[in-house]
Amino acid sequence: MTTARIDHAVSSGTFSLDGETHQVDNNIWVVGDDAECVVIDAPHSVDDIMAVVGDRKVKAILLTHAHDDHSRVAPALRDRVVAPIMLHPDDKPLWELTHSDELWDLDLADGTEIAVAGTTLRVLHTPGHAPGAVCFYAPELGCVFTGDTLFQGGPGATGRSFSDEDLIVASIRAQLFALPDDTVVHTGHGDDTSVAAEKAALG
Ligand SMILES: [Zn+2]
């Protein structure tokens, strides 16, 4: 029986790609117990993240993808907490747009398992919004962290560089709709949803 819990905050900043900049609110998700945790996405402010982490040991900084609004402060957070940044290597071109002079530490792959606080997060590679987009499935917690792959109301945006609309829908059907219907979906922006609700909406 795991004692892991999910903590959450919202961080505000900007998202830039293809020469446009937008104001955005990003979700920060922290999975762990009183002693240790992992951080899912590192958007705009290390202080916003540390307010959720507190004095717990951070075991890893997990990135759902490398868009700047999800990865911008990952290196600064790494310096602060001394934990590896984990990213799917297919997002290297996006990572390099934001971080030209430093790399992440460990590659994620479909099926990678991350242990924290007596529970496990499993990586689902879900390309489409970004080539290296991943979701983190927590079977014992009954939830999945989807980044910008699946939102309340449907798939993430695919209108910009390195995105593919057919691919994101295929990823969602193959990986996310294969999860139990009552799985809670914790998204990269905005409110939670569920696999059942999004399955019904997408048809
Ligand atoms: Zn994104």
Side-chain angles (χ1 to χ4, degrees), residues 8-31 38-46 48-49 60-78 85-100 102-104 107-110 112 121 123-137 143-176 185-193 198 201-202:
H8 169 238
V10 176
S11 188
S12 298
T14 59
F15 165 54
S16 299
L17 190 63
D18 297 341
E20 290 176 23
T21 296
H22 302 273
Q23 199 67 34
V24 285
D25 291 336
N26 283 69
N27 292 321
I28 296 162
W29 298 104
V30 175
V31 181
V38 294
V39 174
I40 299 175
D41 284 341
H44 310 292
S45 155
V46 171
D48 284 356
I49 297 166
I61 301 160
L62 308 177
L63 300 182
T64 60
H65 60 300
H67 279 158
D68 65 353
D69 61 324
H70 294 255
S71 76
R72 183 178 291 110
V73 302
L77 181 63
R78 171 174 61 189
I85 300 169
M86 302 179 73
L87 175 72
H88 194 291
D90 287 0
D91 256 19
K92 188 163 195 277
L94 286 166
W95 172 270
E96 288 173 340
L97 292 176
T98 305
H99 308 286
S100 54
E102 49 197 343
L103 284 173
W104 67 97
D107 286 348
L108 295 172
D110 192 65
T112 300
L121 302 182
V123 173
L124 308 173
H125 184 208
T126 52
H129 176 72
V134 299
C135 300
F136 299 98
Y137 177 46
C143 68
V144 62
F145 301 89
T146 57
D148 290 357
T149 293
L150 184 63
F151 292 123
Q152 184 187 89
T158 48
R160 299 187 183 88
S161 298
F162 304 104
S163 284
D164 184 317
E165 185 177 3
D166 290 342
L167 192 53
I168 197 174
V169 172
S171 290
I172 290 168
R173 289 193 193 286
Q175 295 272 44
L176 299 179
V185 176
H186 296 302
T187 65
H189 305 271
D191 294 333
D192 289 348
T193 182
E198 298 311 320
L202 197 60

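Everything numeric in this text was worked out from a predicted model, so none of it was measured. Both counts, for ligands and for their atoms, begin at 1 and track the order of listing. Note: hydrogens, waters and symmetry copies are ignored here, and every other heavy atom, side chains too, is used.
- Geometry about the Zn ion (ligand 1) gives an angle of 90° between NE2 of His65 and ND1 of His67, rounded in steps of 10 degrees.
- Scanning all heavy atoms of the two residues, the minimum distance from Gly188 to Asp148 falls at CA-OD1, 4.0 Å.
- Atom OD2 is the N, O or S atom of Asp148 at the shortest distance from the Zn ion (ligand 1).
- No side-chain N or O of Asp69 forms a donor-acceptor pair with one of His44 less than 3.5 Å apart.
- With ring centers used as reference points, His70 lies 6.0 Å or more from His129.
- At a cut-off of 2.8 Å, Asp69 is not counted among the residues with an N, O or S atom near the Zn ion (ligand 1).
- Applying the side-chain contact (heavy atoms from CB on, under 4.5 Å) test to Asp68 and every residue at least two apart in sequence or in another chain returns Phe15, Ser16, Arg72, Thr98.
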